[in-house]
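Reading through the structure tokens given below for one structure.
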Amino acid sequence: MPTKKNAPRGTENPSIKDPELYEALLEDGASQQKAARISNAAAKRGRSAVGRKGGQAGDYEDWTVPQLKARAKEIGLTGYSAKKKSELISALRNS
């Protein structure tokens with residue numbers, strides 16, 4: 001699909017529902033997958049609703065390694081089976 005020169009990265013992908021938020025999240029260091037998830041949820045439910053959503057899972061430091069690996073599998077991360085607990089936590093936070 002051809003894209004316009006100097007167009008924001010989210011505009012060439014029709015699956016990105018809020019390109020402005022997507023770009024802001026990428027600039028803040030979020031992965032493309034995480035930025036897409038957040039921007040699409042914000043477009044569907046509203047930005048304030050998405051902002052209130054978190055805080056139910058607790059700290060990853062309190063989770064066991066099997067729980068962390070299950071969460072990594074659930075969200076589609078790869079290469080998690082050989083990671084240490086601290087590496088798993090970092091990968092989950094940055095996905």
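Note that these values count all heavy atoms, side chains included, but never hydrogens, waters or copies made by symmetry. Treat the numbers as computed from the prediction; the structure is a model and nothing was measured. Residue numbers count from 1 along this sequence.
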Could you list the donor-acceptor pairs under 3.5 angstrom formed by side chains in residues 80-90, with sequence neighbours left out?
unit_1, atom_1, unit_2, atom_2, d
Lys85, NZ, Glu61, O, 3.0
Lys85, NZ, Trp63, O, 2.8
Glu87, OE1, Lys84, N, 2.8
Ser90, OG, Asn94, ND2, 3.4

Between the main-chain N or O of Leu21 and the side-chain N or O of Asp18, is there a donor-acceptor pair closer than 3.5 Å? yes
Gln33 meets the side chain to side chain donor-acceptor pair (under 3.5 Å) criterion, sequence neighbours left out, with none
Under the 3.5 angstrom rule, does the side chain of Asn40 hit a backbone N or O of Lys17 as a donor-acceptor pair? yes
Residues passing the side-chain contact (heavy atoms from CB on, under 4.5 Å) test with Lys34, sequence neighbours excluded, are Ala30, Ser31, Arg37, Ile38
Applied to residues 67-77, the salt bridge (charged side-chain N to carboxylate O under 4.0 Å, His left out) test, sequence neighbours excluded, yields Arg71-Glu74
| query | Is Gln67 reaching over with its side chain to a backbone N or O of Thr64, donor-acceptor style, under 3.5 angstrom? | reply | yes
With sequence neighbours left out, the residues meeting side-chain contact (heavy atoms from CB on, under 4.5 Å) with Thr78 are none
dist Ser39:OG -> Ile16:CD1 (nearest 0.5 Å) comes out at 4.5 Å
